[in-house]
There are 2 protein chains.
Amino acid sequence: MADIKELEAMRLLLDLLSDKWTVPILAALCAGGGKQRFNAIRREVPPISQKSLVTCLKRLEMNGLIQRHVLTTGELAVEYRMTPLGHTLDEPVGALLSWSWKHEREVRKAQQEYFSRTEAADDKSGSSTARALPLRLVGR
Amino acid sequence: MADIKELEAMRLLLDLLSDKWTVPILAALCAGGGKQRFNAIRREVPPISQKSLVTCLKRLEMNGLIQRHVLTTGELAVEYRMTPLGHTLDEPVGALLSWSWKHEREVRKAQQEYFSRTEAADDKSGSSTARALPLRLVGR
DNA sequence: CCGTATCCCACGAGATACTG
DNA sequence: CAGTATCTCGTGGGATACGG
C-alpha cells in the first residue's frame with residue numbers, strides 16, 4: 001500500500017474531499033456540464049448552507065479545481081467552472097464511489113455483527129436498561 | 001460523475017478514511033503483512049496518540065476492515081489483522097494516492113497564483129501591514 | 001443574486017494521568 | 001502491554017442577520 005512517508009501528499013486530496021459538501025458540489029457542477037451558478041448549485045445540493053457553499057467553493061478555487069467567473073450580464077451573476085485539473089478528480093472520486101457501492105452491504109453486516117457481540121458482552125447484569133444514548137456511530 | 005443522490009454511500013468510506021491517522025494505520029498493517037500489534041503500529045505511525053490509535057482501530061474494527069485478536073501468549077498481547085474486506089481498500093486508497101502524486105505540483109502552483117491574485121487585490125491601501133494572521137489554509 | 005459577519009454547538013485530536 | 005478517563009483547544013458546519 002505504499003510506504004508510510006509517501007502518504008503525506010494524500011492529505012491534500014483527502015482534506016479537500018472529506019468535508020460534507022465538496023463532492024456533491026462537484027457532482028452538481030458536472031451535472032451542469034462543468035459549470036453552474038452559485039444558487040443553482042445551492043438548489044441542486046440541499047440542504048447546504050450559504051456559508052458552507054462559499055467555503056467549499058473557495059477552497060476548490062484556491063486549489064485550482066474550479067474557477068470563479070463574474071458574468072457580465074446586467075445583474076450580478078457568478079458562474080463556477082470546473083478546470084481541467086478539476087475534471088481529473090473523476091478518477092479518484094469514481095474509485096471511492098465504486099468501492100462504496102460494491103462493499104456497502106458487507107460493511108453494514110459487519111456493523112451488525114459488531115454490535116451483536118458488544119451488546120451480548122454488555123448484558124452481564126441481567127437485562128436491558130433502555131439502550132438510548134450511546135449509539136451514534138460507525139463512521140461519524 | 002454520477003447522480004447527486006447516489007453519492008450518499010460514499011460518506012461511509014470518506015468518513016472512514018478522512019481522519020488524520022486511519023490511512024497511515026492501514027499502511028502500517030500492510031507493512032506488517034496485514035497484521036500488527038498495538039504498540040508496533042504506534043511506533044510505525046508517529047506521533048499518534050494512544051487515544052487516536054484506539055479510536056481509529058475501533059472504527060476500522062466496527063466496519064469489518066480489521067479484526068482484533070487477543071494473543072494467548074503468557075503476557076497481554078493484541079494483534080490487529082486486515083480482513084479480506086480491509087484489503088479491498090487498496091483500490092480506492094491507491095487511486096487517491098495516485099492522483100496526489102500526479103497533480104500535487106499543479107495544485108501547489110494554483111495555490112500560489114491564488115495568493116498572488118488576492119494579495120494584489122488586498123494591496124489597495126498602498127503598502128503591506130505585516131500579513132500575519134489569516135493565512136493558515138488551503139485544504140485545512 | 002452573491003456573498004460576509006456572528007454566534008453557537010459538536011466533534012477530532014493532543015496531553016496527561018490512571019488501570020488490568 | 002493495551003487500553004480507559006478527562007480536560008482542553010481548534011475547526012467544520014448550521015442558523016441567522018446584514019451588505020453590495
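Keep in mind that this is a model prediction, so the values were computed, not measured.
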Whole-Å gap separating [atom2] ([N]) and [atom1] ([X]):
X: A/D15; N: C/dG12; atom1: CG; atom2: C1'; answer: 12 Å
X: B/R59; N: C/dG12; atom1: CZ; atom2: C1'; answer: 9 Å
X: B/L53; N: C/dG12; atom1: CG; atom2: P; answer: 16 Å

Tell me, do A/L96 and B/L17 make a side-chain contact under 4.5 Å, heavy atoms counted?
yes
Does any non-hydrogen side-chain atom of B/R117 lie less than 4.5 Å from one of B/Y114?
yes
With a 4.0 Å cut-off on heavy atoms, is B/R42 in touch with a base, just the backbone sugar-phosphate, or nothing at all?
nothing
Please determine, for the side chain of B/V78, which listed nucleotide (D/dT4, D/dG14, D/dG3) has the closest atom?
D/dG3
For nucleotides 15-20 of chain D, just jot down a letter per nucleotide in 5' to 3' order: B, S or -, based on protein non-hydrogen atoms under 4.0 Å.
B-B--B
Is any side-chain N or O of [X] closer than 4.0 Å to OP1 or OP2 of [N]?
X: A/R37; N: C/dC2; answer: yes
X: B/Y80; N: D/dG3; answer: yes
X: A/T55; N: D/dG12; answer: no

Would the distance check show the side chain of B/R108 and the main-chain N or O of A/N63 forming a donor-acceptor pair, the cut-off being under 3.5 Å?
no
Does A/R42 reach the main-chain N or O of A/I48 with its side chain, forming a donor-acceptor pair under 3.5 Å?
yes
Under the side chain to side chain donor-acceptor pair (under 3.5 Å) rule, collect the residues that match up with A/T83, sequence neighbours excluded.
none
Given pairs defined as Watson-Crick or G-U wobble with both distances under 3.5 Å, what dot-bracket annotation applies to DNA chain C, with ( ) intrastrand, [ ] crossing, | other strand and . unpaired?
|.||||||||||||||||||
Find which nucleotide of DNA chain C each of A/K58 and A/R43 is nearest to by heavy atoms, and output the residue with the more 5' nucleotide.
A/R43
Among A/L16, A/L13, A/L12, which one satisfies side chain to side chain contact (heavy atoms under 4.5 Å, CB included) with B/V107?
A/L12
